[in-house]
Amino acid sequence: MKTYTLRTWYTLVLALRLNAAEDFQWTKINPSSFYYGTFPPGFSWGVGSSAYQTEGAWDADGKGPSIWDAFTHTKGKVFRNETGDSACDGYYKVQDDIQLLKELNVNHYLLSISWPRIMPTGIKTELNEKGIQFYNDTINSLLESSIIPIVSLYHWDLPQVLQEKYGGWQNISMINYFNDYANLCFEKFGDRVKHWITFSNPWAVAEKGYETGEHAPGLKLGGCGAYKAAHHIIKSHAKVWHSYNNTWRSKQQGMVGISLTTGWGEPIDPHSQADIDAAERYIQFHLGWFANPIYRGDYPEAMKNYVGRKSAQQGLGTSRLPTFSVQEKIYIKGTSDFLGIGHFTTRYVTQKSFPSLQVSSYHMDQDLAELVDPKWPAPGSKWLYSVPWGFRRLLNFIKTQYGNPLIYVTENGVSEKVQCTQLCDEWRIEYLKGYINEILKALNDGVNVRGYTAWSLLDKFEWNKGFSERFGFYHVDFKNKDKPRYPKASVDYYKNIISANGFPNPREVMSITLFLSYILFISQILDSLVTHMEMVTEIVLPTIFTLCILISIVLLLFFLQNHS
Ligand SMILES: *[C@@H]1O[C@H](CO)[C@@H](O)[C@H](O)[C@H]1NC(C)=O
Ligand SMILES: *[C@@H]1O[C@H](CO)[C@@H](O)[C@H](O)[C@H]1NC(C)=O
Ligand SMILES: *[C@@H]1O[C@H](CO)[C@@H](O)[C@H](O)[C@H]1NC(C)=O
Ligand SMILES: *[C@@H]1O[C@H](CO)[C@@H](O)[C@H](O)[C@H]1NC(C)=O
C-alpha cells in the first residue's frame with residue numbers, strides 16, 4: 001500500500017514540476033508575468049524597523065544623544081521641523097508591537113540597537129545598564145514568542161559625542177569605537193542573537209550624511225566626504241566580522257553580515273554599449289562600492305577609473321577615492337557570512353558626461369543620468385517607483401558578481417503619502433505581490449535567498465521627510481499621544497503569503513486537496529478491510545491495489561488535462 005501511494009505521489013509531483021518549469025520559462029520572456037509557486041521550506045518571513053525611527057524616548061533612562069537627535073533639533077533640517085523625540089513610542093510599547101508581530105505570524109523581526117542608548121558617549125568605559133536591559137528584554141520577549149531577532153548594530157544613530165569630538169565617520173578612530181560597541185553587543189546578547197548586521201544601508205550614511213548633507217550629521221563635503229566615510233565604514237565592518245570570527249563564533253555560532261541598499265540600473269538603450277556601461281557604473285557606485293571590497297577585495301574598477309580620472313583632471317595628486325593596502329584587501333575580503341539586501345526601486349540609466357573642472361561630486365563622478373518611465377506606479381515617496389522585474393535582475397547580478405552569496409532581503413516595501421483613513425493600501429499589496437514574486441523567480445534562477453523582510457512594521461519617522469511618508473503595515477496615529485496602531489489591508493495580504501509560504505497555484509491546491517482526500521478514503525477502506533476481515537486472501541489485496549492504481553491513473557490523466 002505504502003509504496004503504491006508513494007509512487008503515485010512522485011508521478012503527481014513530477015507532473016507539477018514539469019508544468020512549473022514551463023510557467024517559469026514564460027516569466028523570462030515576459031517580465032511582468034506572474035509565477036505561481038512556493039518558497040523553499042524554512043524560508044524566513046519577517047518585517048523590520050530601526051531604533052531612531054520608532055523608539056522615541058530620545059533622552060530617557062540615561063540614553064545619550066545621537067547625531068539624529070542633534071540634527072532634528074536643528075530647525076530647517078527636517079520636513080515641518082519634525083523630530084524622532086517620541087516617534088512611535090516604541091521604547092514603551094515593546095509588548096504591543098510583539099503582539100502585532102504575532103498577528104502577522106512572522107518568523108523574524110529585524111531591529112536595530114541604538115548605540116548611544118547603551119553607550120551614551122560612544123565609548124566602552126561608560127555603559128548605560130538600563131539601555132542594555134531594554135534590548136535584553138526585547139530580545140527575550142521576541143524569543144519567547146518564537147520570533148527570531150535579526151539585529152542591526154548601526155542604523156544611522158551615531159553617538160553625538162563621537163561626531164562632535166572626532167568628526168564621526170570622517171575619522172579613522174571610529175573603527176575601534178565601533179568595534180568596542182559591537183563586542184559589547186556580542187557579549188551581552190550574542191548567546192541569543194544569531195543574525196547580526198553591522199551596518200544598515202551604509203550608502204545612505206555616507207552619501208546623505210557627508211556628501212549632500214540631507215541626513216545627519218548634515219555635512220556637505222562634496223566629492224570627498226562620502227568616500228572617506230564609506231572607507232572607514234567598510235574597515236569597521238571587516239574589523240567587527242574578524243572580532244566575531246576570532247572571539248565569539250566558536251561559542252555563539254551566529255552569522256555576521258552587512259545590509260546594503262541599492263536600486264537596479266537598467267540601460268535605457270539595451271543596444272548602446274555606452275548605456276550598458278553607464279548602468280553597470282550605477283550599480284557599482286551604489287552596491288559595488290561596499291560589496292566589491294567585501295566579496296572581491298577592492299573597490300570596483302569602474303569607481304577607481306572614474307573617480308581617479310576626474311581627480312587627476314582636477315589637478316589632484318591622488319584620487320578622491322581612498323585606496324586599500326594589500327593587507328587591508330586581504331583582511332576585508334570574505335568578511336560577510338550573508339549579504340543583506342535592501343531594495344526599493346529601479347532606474348533607467350544613460351551615459352552623460354560631466355565636465356570635470358566643476359566642483360567635485362560623487363554624482364558627477366559617475367558620468368550618468370537616471371531616468372524613469374512615467375508609466376511606472378509611484379504611490380508614495382517621489383523616488384520610489386514600483387518596478388518589480390528590477391529586483392530579479394539585481395538578485396541575479398549579485399549571484400554572478402559575488403559568487404552566489406547567502407542573501408537575506410533586509411528591506412523592501414513602499415510608502416504612501418496620502419492620509420488613507422480607510423487603511424486601504426491596495427498599491428502596497430500590488431507592490432509586495434510583484435516584488436516577492438520576483439524573489440521567487442530569482443530563487444528558481446539559482447539565487448540563494450533565505451529570508452525576506454518587508455519594510456516596515458509601523459509607520460515611523462522617515463528621516464528628513466519627517467512623518468510625511470508612511471511605510472508601515474500598521475498605521476500609527478502620531479497626533480494621538482498614545483500613538484495607537486491600526487492594521488492596513490496589507491496586513492492580511494502578507495499574513496496569507498506567510499501562511500502559504502508564497503503563491504501556491506490555486507488550481508494545484510485544488511488538485512492536491514482532491515488527491516489527498518482520495519488517498520485518505522482508500523486507506524480508510526483498506527484499514528477497515530484489514531481489521532474487519534479475518535481472511536485477507538491473496539486475491540483481495542492485490543485486487544484492491546490494482547484498483548487503486550487504476551483510479552490514480554485516471555485521476556492523474558484528468559488532472560494533467562485540466563492543468564495544461
Ligand atoms: C522650521 O523652523 C524654521 C526655523 O526656525 C522656520 O523658519 C520654519 O518656518 C519652521 N517650519 C515649520 C513648518 O514650522
Ligand atoms: C539578559 O537575559 C538573559 C536571559 O534571560 C539573562 O540570562 C541575562 O542575565 C540578562 N542580562 C541582562 C544584562 O539583563
Ligand atoms: C580623530 O580622532 C582622534 C581621536 O581618536 C583625534 O585625536 C583626532 O583629532 C581626530 N581627527 C580629526 C580630523 O578630527
Ligand atoms: C575565522 O576563525 C577560524 C577559527 O578560529 C579561523 O580558522 C579562520 O582562519 C578565521 N577566518 C579568517 C578569515 O580569519
Side-chain angles (χ1 to χ4, degrees), residues 67-85 115 119 121-126 158-183 186 190 194 196 198 209-210 213-214 216-219 221 224-229 231-258 293-298 320 322 324 326-339 402-403 405-406 417 461-469 478-479:
I67 54 174
W68 272 94
D69 294 314
F71 188 73
T72 56
H73 293 165
T74 311
K75 299 267 187 251
K77 299 288 189 190
V78 175
F79 180 72
R80 292 193 191 137
N81 298 327
E82 286 166 338
T83 75
D85 288 1
W115 183 350
M119 289 180 166
T121 58
I123 58 173
K124 65 178 175 186
T125 46
E126 285 172 54
L158 185 78
Q160 171 65 7
V161 174
L162 296 182
Q163 186 67 45
E164 267 170 24
K165 268 195 179 162
Y166 310 125
W169 292 109
Q170 292 301 291
N171 194 312
I172 193 162
S173 64
M174 285 311 107
I175 300 173
N176 284 333
Y177 293 125
F178 185 68
N179 186 53
D180 289 344
Y181 158 62
N183 274 287
F186 298 150
K194 303 300 168 192
W196 294 101
T198 53
Y210 295 88
E214 284 173 78
L219 299 174
L221 310 169
C224 291
Y227 295 132
K228 205 169 178 184
H231 201 64
H232 295 146
I233 287 172
I234 293 164
K235 288 184 180 183
S236 302
H237 161 81
K239 176 137 191 170
V240 166
W241 184 90
H242 280 283
S243 288
Y244 191 83
N245 192 57
N246 296 336
T247 313
W248 306 101
R249 191 190 297 284
S250 58
K251 276 174 282 194
Q252 300 185 345
Q253 301 288 320
M255 293 197 288
V256 176
I258 191 166
I294 293 170
Y295 283 97
R296 303 173 63 144
D298 200 1
R320 285 180 279 103
F324 295 115
V326 176
Q327 290 91 326
E328 285 170 344
K329 287 177 189 173
I330 296 167
Y331 184 76
I332 292 165
K333 188 177 173 183
T335 55
S336 212
D337 304 319
F338 66 90
L339 179 60
Y402 308 125
L406 173 61
K417 274 199 157 152
F461 182 79
E462 215 45 62
W463 312 107
N464 57 324
K465 303 291 174 9
F467 295 101
S468 65
E469 294 181 5
F478 294 106
K479 294 204 183 85

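Values below: every heavy atom of this structure, side chains too, minus hydrogens, waters and symmetry copies. Just so you know, ligand 1 is whichever comes first in the structure, and atom 1 is the first atom listed for that ligand.
For ligand 1, the protein residues placed under 4.0 Å by at least one non-hydrogen atom are Lys75, Arg80, Asn81.
Interface of Asn171 with ligand 3, defined as ligand atoms under 4.0 Å from a residue heavy atom, comprises 1 (C), 2 (O), 3 (C), 8 (C), 10 (C), 11 (N), 12 (C), 14 (O).
Annotation: Tyr244 is not in aromatic contact with Trp241 [ring centroid separation under 6.0 Å not met].
When Ile294, Val256, Leu406 are each tested for a side-chain contact (heavy atoms from CB on, under 4.5 Å) with Ser336, only one passes: Ile294.
Residues passing the side chain to side chain donor-acceptor pair (under 3.5 Å) test with Tyr181: none are found, sequence neighbours excluded. In this structure, the salt bridge (charged side-chain N to carboxylate O under 4.0 Å, His left out) partners of Asp298, at least two apart in sequence or on a different chain, are Lys304, Lys329. Under the rule for a side chain to side chain donor-acceptor pair (under 3.5 Å), the partners of Thr198 that lie at least two apart in sequence or sit in another chain are His237.
Taking any N or O of Asn246, backbone or side chain, none lies under 3.5 Å from an N or O belonging to ligand 4. For a threshold of 3.5 Å applied to N or O pairs, the pair formed by Ser173 and ligand 3 contains at least one separation below that value.
There is no side-chain donor-acceptor pair under 3.5 Å between Asn176 and Asp180.
The aromatic rings of His242 and Tyr331 sit parallel to each other, their planes meeting at less than 30°, with 60° as the upper class boundary.
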